[in-house]
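First comes the structure, then the notes that go with it.
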Amino acid sequence: MSDDLPEPDRIEGAPHPRETETLFGQEQAEAAFLEAYNSGRLHSGWLITGPKGIGKATLAYKIAAFLLTEQPADGGLFGDAPPAPTSLSISSDHPDMALIRAGSHPRLSIVRRPVDEKTGKLRTEITADPVRDLKKFFHMSAADGGRRVVIVDVADEMNVTAANSILKELEEPPARTTLLLLAHQPSRLLPTIRSRCRELRCKPLSPADVAQALAQADVHVDETEALATLSGGSVGEAIRLMNHDGLQMYHDLVHMFDKLPNVDRAAALKLAESCAGKGAEARFPMALDLIDLFLARAARTGLVGEPSTQGAMGEARLLARIAPHDLAARRWAELQQELSLKVRRGRAVNLDPAALILDMVFRIEETARSVAAD
């Protein structure tokens with residue numbers, strides 16, 4: 001891959017998963033894999049699932065390092081079987097670890113979105129070619145007899161041809177080969193792929209784990225409660241929020257909606273204009289995501305009451321006021337679905353970002369008036 005292009009499996013502002021020293025918050029998934037390994041029930045295909053940015057790729061590389069540095073089962077020279085491992089952790093000084101960190105281990109293959117040779121940019125999906133290249137990888141890596149590992153990051157991005165190709169590898173996996181498929185939305189995968197893999201579910205991180213993971217990535221923030229609340233336990237999303245001023249944007253949204261059922265029109269226009277034009281490529285999708293999150297939190301508040309943590313000062317009070325009961329929860333949930341569909345359609349036809357943002361804000365205003373009238 002060209003040095004000028006970002007790696008598709010790296011979060012901007014964070015170390016690559018293969019370089020990440022410690023995995024936080026996924027002890028259950030680690031233990032499940034280790035139990036299968038120690039019991040001799042090591043599946044050839046594993047599906048590592050969970051929301052984006054919670055450590056799935058880091059777990060995959062940790063498993064890969066564990067398998068690639070496997071000790072001989074016969075105990076080597078003196079014939080004593082090695083004790084059953086109690087951890088997936090491998091010393092950073094192990095010679096295989098340097099190869100993994102450099103992305104050059106001969107028995108590790110990574111399947112991810114390739115570069116479009118015509119445009120020089122990353123493709124939007126995993127095409128068949130990277131999967132077909134596995135045949136060459138299996139042939140070349142068979143010489144030393146060690147375990148081989150394939151990481152597909154992420155399997156959600158495979159097109160139909162690539163998915164069918166990886167299915168063939170799962171149906172007839174080469175000896176001593178483990179395929180690790182990452183998936184943000186496993187329901188999008190072929191049922192036959194899911195059925196041939198054992199699932200490892202990764203869960204959103206606790207605020208404490210998010211803070212530790214951010215510190216490891218050398219990302220420091222004072223608004224830990226707001227960041228943990230808005231990121232939903234995803235380190236990747238937390239870093240994205242930090243990179244693109246998401247905390248301030250959500251603060252501005254809460255301030256704009258503070259007088260609902262009336263919206264601060266000047267603030268709405270300012271937000272809309274900031275999401276349009278050159279340089280707003282990251283701000284526009286961030287605004288869409290945060291508005292969607294605000295609606296989801298409003299719907300949840302109507303069902304379970306005022307939230308215990310806030311994404312911005314005054315948010316809990318605002319949500320409790322505009323979503324006081326389950327009928328309000330239903331209205332906010334319906335609006336979230338409606339606007340989500342409108343966003344997909346609007347982006348498909350390149351609708352003006354400012355117009356789309358303003359339309360969403362005014363629909364929120366209308367819904368708030370409807371709730372207030374109930």
Worksheet entry | Derivation of the side chain to side chain contact (heavy atoms under 4.5 Å, CB included) call for Q185 and R188 | CA-CA 6 Å; Q185 296 176 292; R188 296 178 57 185; 3.3 Å; yes
Worksheet item: Within a strict 4.5 Å, meaning less than it, do heavy atoms of the P285 and R240 side chains meet?
Response: yes
Practice prompt. Verify the cluster assignment for L356 and V361: are they in a single hydrophobic cluster under the rule of side-chain heavy atoms below 4.5 Å apart?
Written response: yes
Worksheet entry | salt_bridge(D252, K270) N-O dist < 4.0 Å | no
Worksheet item: Between F137 and V150, is any pair of side-chain heavy atoms under 4.5 Å apart?
Response: yes
Item to complete: Verify, without hydrogens or angle tests, whether E225 (side chain) and G311 (backbone) share a donor-acceptor contact under 3.5 angstrom.
Response: no
Worksheet item: Out of curiosity, does L108 fall in the hydrophobic cluster containing M140 (side-chain heavy atoms, cut-off under 4.5 Å, transitive links)?
Response: no
Fill in: Side chain D156, main chain H184, donor-acceptor under 3.5 Å
yes
Worksheet item: Between the side chains of Y250 and Q310, does any donor sit under 3.5 Å from an acceptor?
Response: no
Worksheet item: Using 4.0 Å as the upper bound for N to carboxylate O, is an ion pair formed by R41 and E35?
Response: yes
Practice prompt. Determine yes or no for a side-chain-to-main-chain donor-acceptor pair under 3.5 angstrom, with R18 supplying the side chain and R101 the backbone.
Written response: yes
Worksheet item: Do D326 side-chain atoms and A329 backbone N/O form a donor-acceptor pair below 3.5 Å?
Response: no
Worksheet item: Can you tell if the side chain of D96 reaches within under 4.5 Å of the side chain of H105, non-hydrogen atoms only?
Response: yes
Worksheet item: Does a salt bridge link E70 with R176, judged by any charged N lying under 4.0 Å from a carboxylate O?
Response: yes
Response to the item:
Taking every heavy atom of L23 against every heavy atom of G55, the minimum-distance pair comes out as CD1-O, 3.7 Å
Discussion item. For Q248 and H251: C-alpha separation, side-chain torsions, deciding distance, then whether side chain to side chain contact (heavy atoms under 4.5 Å, CB included) applies.
Written reply: CA-CA 5 Å; Q248 182 61 49; H251 173 274; 3.6 Å; yes
Discussion item. I'd like to know if the side chain of R283 reaches the main chain of G246, judged simply by a donor and an acceptor atom lying under 3.5 Å from each other, with no hydrogens or angles considered.
Written reply: no
Response to the item:
Nearest heavy-atom contact between S87 and L34 is N-CD2, 3.4 Å
Practice prompt. Mind listing the closest non-hydrogen atom pair of R297 and L319 along with its distance?
Written response: CB-CD1, 3.9 Å
Worksheet item: If every non-hydrogen atom of N38 is compared with every non-hydrogen atom of A84, which pair is closest and at what distance?
Response: OD1-CB, 3.8 Å
Item to complete: Using a strict cut-off of less than 4.0 Å between a Lys/Arg side-chain nitrogen and an Asp/Glu carboxylate oxygen, indicate whether E157 and R113 qualify as a salt bridge.
Response: yes
Fill in: Check against side chain to side chain contact (heavy atoms under 4.5 Å, CB included), M313 and V254
CA-CA 8 Å; M313 185 67 67; V254 170; over 6 Å; no
Worksheet item: Do Q337 side-chain atoms and E334 backbone N/O form a donor-acceptor pair below 3.5 Å?
Response: no
Worksheet, complete the sentence: Separation between CD1 (I151) and OG1 (T178), nearest 0.5 Å, reads 10.5 Å
Worksheet entry | Electrostatic pair K136:D133 at N-O distance under 4.0 angstrom | no
Worksheet item: Do V111 and L67 sit in the same hydrophobic cluster, where Ile, Leu, Val, Met, Phe, Trp and Tyr count as joined when their side-chain heavy atoms come under 4.5 Å apart?
Response: no
Worksheet item: Got a sec: does the NE2 of H139 have more than 12 other heavy atoms crowding it under 6.0 Å?
Response: no
Worksheet item: Under the criterion side-chain contact (heavy atoms from CB on, under 4.5 Å), which of K56, R112, K52 is the partner of L182?
Response: K56
Practice prompt. I would like to know whether S370 and R331 meet side chain to side chain donor-acceptor pair (under 3.5 Å); could you show each step before the answer?
Written response: CA-CA 9 Å; S370 176; R331 290 187 183 276; 3.1 Å; yes
Worksheet item: With a 4.5 Å heavy-atom cut-off, do L288 and C275 have their side chains touching?
Response: no
Worksheet entry | Residue pairs passing the salt bridge (charged side-chain N to carboxylate O under 4.0 Å, His left out) test where at least one lies in residues 206-217, sequence neighbours excluded | none
Item to complete: Quick one: sort the H43 and W46 rings into parallel, tilted or perpendicular, breaks at 30° and 60°.
Response: perpendicular
Worksheet item: Is a salt bridge present between E306 and R321, judged by a nitrogen-to-oxygen distance below 4.0 Å?
Response: no
Practice prompt. In plain terms, say whether E171 and R196 are close enough for a salt bridge, that is, a side-chain N and a carboxylate O under 4.0 Å apart.
Written response: yes
Worksheet item: Any donor-acceptor pair under 3.5 Å linking the side chain of T367 with the backbone of R363?
Response: yes
Response to the item:
Here the pair of heavy atoms bringing L260 nearest to I364 is CD1-CG2, 4.2 Å
Worksheet item: Cut-off 3.5 Å, side chains only: do T127 and R123 have a donor facing an acceptor?
Response: no
Discussion item. Starting from V154, can I reach L190 by hopping between I/L/V/M/F/W/Y residues whose side chains sit under 4.5 Å apart?
Written reply: no
Discussion item. Run V371 and W332 through side chain to side chain contact (heavy atoms under 4.5 Å, CB included) and show every step you take.
Written reply: CA-CA 9 Å; V371 169; W332 289 118; 4.1 Å; yes
Worksheet item: Does T20 use its side chain to pair, donor to acceptor, with the backbone of H16 at less than 3.5 Å?
Response: yes
Worksheet item: Is any side-chain N of the basic residue among R369 and E365 closer than 4.0 Å to the acidic one's carboxylate O?
Response: yes
Worksheet item: Should V149 and M97 be regarded as members of a common hydrophobic cluster, given that ILVMFWY residues are connected when their side-chain heavy atoms come within less than 4.5 Å of each other, either directly or indirectly?
Response: yes
Worksheet item: Judged by modelled atom types alone, do E199 and T49 share a side-chain donor-acceptor pair under 3.5 Å?
Response: yes
Worksheet item: If you take all heavy atoms of A272 and L358, which pair is closest and at what distance?
Response: CB-CG, 3.6 Å
Worksheet item: Are H255 and D264 close enough that a side-chain donor and a side-chain acceptor fall under 3.5 Å?
Response: no
Discussion item. Using a 3.5 Å distance criterion without hydrogens, assess whether the side chain of T177 forms a donor-acceptor pair with backbone atoms of A175.
Written reply: yes
Worksheet item: Heavy-atom distance under 4.5 Å between the side chains of S234 and P204, does that happen here?
Response: no
